[in-house]
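Inspection log for the structure reproduced underneath, given as C-alpha cells.
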Amino acid sequence: MATNFLAHEKIWFDKFKYDDAERRFYEQMNGPVTSGSRQENGASVILRDIARARENIQKSLAGSSGPGASSGPGGDHSELIVRITSLEVENQNLRGVVQDLQQAISKLEARLSSLEKSSPTPRATAPQTQHVSPMRQVEPPTKKGATPAEDDEDKDIDLFGSDEEEEDKEAARLREERLRQYAEKKAKKPTLVAKSSILLDVKPWDDETDMAQLETCVRSIQLDGLVWGASKLVPVGYGIRKLQIQCVVEDDKVGTDLLEEEITKFEEHVQSVDIAAFNKI
C-alpha cells in the first residue's frame, strides 16, 4: 500500500541528478571551480548577506515602507517619526505666538516712549515772597479796678446751683411717686400659696388600741395652714389596723417634720407615723 501511495504522489526522486547536471553545466561555462574559489564564493555570499541585513536595518530605522515595515520595530519607529513631526509643528506654532508677543511688546514700548517725550516737564515754580510789615508792639489793656458794688453783685449770682437743686428735687419726687405706685400694684396682686397634699399612715401599738380615739387625737391637732381630710382604717395583720388620713398643708407654714412631731406626742395610742404619699398642689 505504501508503494502504491508513493507511486501516485509527485515526488522528485532524481533531484540530485539534475543538480549534478546543472553544476557541470556551469563548470563548463566558467571553467572548473577550485577549492579556493569555492571558499571565496562562500565568503562573498556571507558578505552580501551582511550588507543586505545592514541595508534592511537602515531602511527600518529610516521608516521606509518595505515588507514587514508595518509591524515590529519598523512600526514603532514610524510612530516615533509621526510624534516628532507633530512636535515640530507645535514648536513652529509656539514660535509664531512668541514672535507676535514680542512685536506687541515692542509696539507698547514705542508708544510709551512717544508719550513720555510728548508730555511737558513740570517747571519748578519759585515760592512767592510775602512782604511782612514790621511788628508793632501792642500795649496790654490796663485793668480797671472793680468797684465794691460790682463785687457784691458777682457774688450773689449763682449760675448752676439753683437749677441743679430744682432738678434734684423733681427727680426725687418722681422716684418716690413711682415707688409708691409699684408698692400699691404689688399689694393688689394676689400671691400664689404653695400647698401640698399628704397621706399619713398612723400605726397603733397593738390590736387593743382604740382607733376611734386615736383618730380623734390626730384630728385635734390644729395648726395655721393645716386642713384634715378623709380617713380610713387599713388592716395590717394579726387583727391590727392602721389609720390612713389625708391632709392639705401650706408649705411655708406646716412641714412634715412638724406633723410627725405633733402626732407622736400621743404616746399612749400612736407607735409611729409614716408618709404614704406626698403631692404638690
Side-chain angles (χ1 to χ4, degrees), residues 141 143-281:
K143 187 177 180 182
K144 297 179 180 180
T147 60
E150 292 178 354
D151 292 338
D152 295 337
E153 289 178 357
D154 293 338
K155 291 179 180 179
D156 294 337
I157 295 172
D158 190 2
L159 298 177
F160 304 101
S162 60
D163 294 338
E164 288 180 356
E165 290 178 357
E166 291 178 359
E167 290 179 358
D168 292 340
K169 291 179 180 179
E170 185 67 21
R173 187 182 64 79
L174 290 174
R175 184 171 60 254
E176 291 177 357
E177 183 68 21
R178 289 177 181 176
L179 288 173
R180 184 180 60 77
Q181 292 177 359
Y182 176 75
E184 291 177 357
K185 186 177 180 181
K186 190 175 181 181
K188 292 178 181 179
K189 187 177 180 180
T191 57
L192 296 176
V193 180
K195 295 182 180 181
S196 301
S197 176
I198 305 173
L199 183 63
L200 299 173
D201 285 342
V202 184
K203 298 178 182 179
W205 289 102
D206 51 19
D207 56 346
E208 296 180 357
T209 303
D210 189 359
M211 299 303 295
Q213 185 65 29
L214 187 145
E215 183 178 357
T216 303
C217 294
V218 172
R219 288 184 180 275
S220 65
I221 299 172
Q222 299 296 328
L223 297 173
D224 185 15
L226 172 63
V227 178
W228 294 106
S231 64
K232 62 179 179 178
L233 298 177
V234 180
V236 179
Y238 302 101
I240 300 174
R241 295 180 299 174
K242 65 180 179 179
L243 174 65
Q244 198 170 66
I245 187 169
Q246 185 83 22
C247 67
V248 177
V249 299
E250 294 182 10
D251 296 341
D252 295 338
K253 296 179 180 180
V254 181
T256 55
D257 295 337
L258 180 59
L259 278 176
E260 292 179 3
E261 183 180 354
E262 292 294 330
I263 293 171
T264 52
K265 286 182 179 179
F266 303 100
E267 297 178 355
E268 296 179 357
H269 303 285
V270 179
Q271 177 187 3
S272 62
V273 180
D274 295 327
I275 298 172
F278 186 92
N279 297 315
K280 289 284 186 180
I281 298 176

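Along the sequence shown, residues are numbered consecutively beginning with 1. Worth knowing before you read on, the calculation uses all heavy atoms, side chains too, and leaves out hydrogens, waters and symmetry mates.
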_Verdict with reasoning, Ser197 to Asn279, per side chain to side chain donor-acceptor pair (under 3.5 Å)_ = CA-CA 5 Å; Ser197 176; Asn279 297 315; 5.3 Å; no
Working to the nearest 0.5 angstrom, can you tell me the gap between [X] [atom1] and [Y] [atom2]?
{"X": "Gln244", "Y": "Glu215", "atom1": "CD", "atom2": "CD", "answer": "12.0 Å"}
{"X": "Asp252", "Y": "Lys195", "atom1": "CG", "atom2": "NZ", "answer": "11.5 Å"}
{"X": "Asp201", "Y": "Ile245", "atom1": "CG", "atom2": "CD1", "answer": "11.0 Å"}
{"X": "Glu260", "Y": "Ile198", "atom1": "CD", "atom2": "CD1", "answer": "9.0 Å"}
{"X": "Glu250", "Y": "Asp224", "atom1": "CD", "atom2": "CG", "answer": "6.5 Å"}
{"X": "Ile221", "Y": "Phe266", "atom1": "CD1", "atom2": "CZ", "answer": "5.0 Å"}

Heavy-atom closest contact ([X] atom, [Y] atom, distance):
{"X": "Pro204", "Y": "Gln271", "answer": "O-OE1, 2.9 Å"}
{"X": "Arg241", "Y": "Pro235", "answer": "CG-CA, 3.8 Å"}
{"X": "Trp228", "Y": "Leu200", "answer": "CZ3-CD1, 4.3 Å"}
{"X": "Ala230", "Y": "Arg219", "answer": "C-NH2, 4.0 Å"}
{"X": "Leu214", "Y": "His269", "answer": "CD1-O, 3.2 Å"}
{"X": "Asp206", "Y": "Ile240", "answer": "C-CG1, 4.1 Å"}

*Thinking salt bridges, do Lys265 and Glu262 make one under a 4.0 Å N-O criterion?*
yes
*Determine, step by step, whether Asp274 and Lys203 satisfy the side-chain contact (heavy atoms from CB on, under 4.5 Å) criterion, reporting the C-alpha distance in whole Å, the side-chain angles of both residues, the deciding distance to 0.1 Å, and the verdict.*
CA-CA 8 Å; Asp274 295 327; Lys203 298 178 182 179; 3.4 Å; yes
Donor-acceptor contact below 3.5 Å, side chain [X] vs main chain [Y]:
{"X": "Arg175", "Y": "Glu170", "result": "no"}
{"X": "Trp205", "Y": "Glu267", "result": "yes"}
{"X": "Asp210", "Y": "Ala212", "result": "yes"}

*Derivation of the side-chain contact (heavy atoms from CB on, under 4.5 Å) call for Leu259 and Leu226*: CA-CA 9 Å; Leu259 278 176; Leu226 172 63; 3.9 Å; yes
*Run through Ile263, Val273, Leu233 and flag the one making a side chain to side chain contact (heavy atoms under 4.5 Å, CB included) with Leu243.*
Leu233
_Tell me if the CD atom of Glu268 is crowded by more than 12 foreign heavy atoms within 6.0 Å._
no
*So does Arg180 have more than 12 non-hydrogen atoms from other groups sitting under 6.0 Å from CZ?*
yes
*Please walk me through it: do Lys169 and Arg173 pass side-chain contact (heavy atoms from CB on, under 4.5 Å)?*
CA-CA 6 Å; Lys169 291 179 180 179; Arg173 187 182 64 79; over 6 Å; no
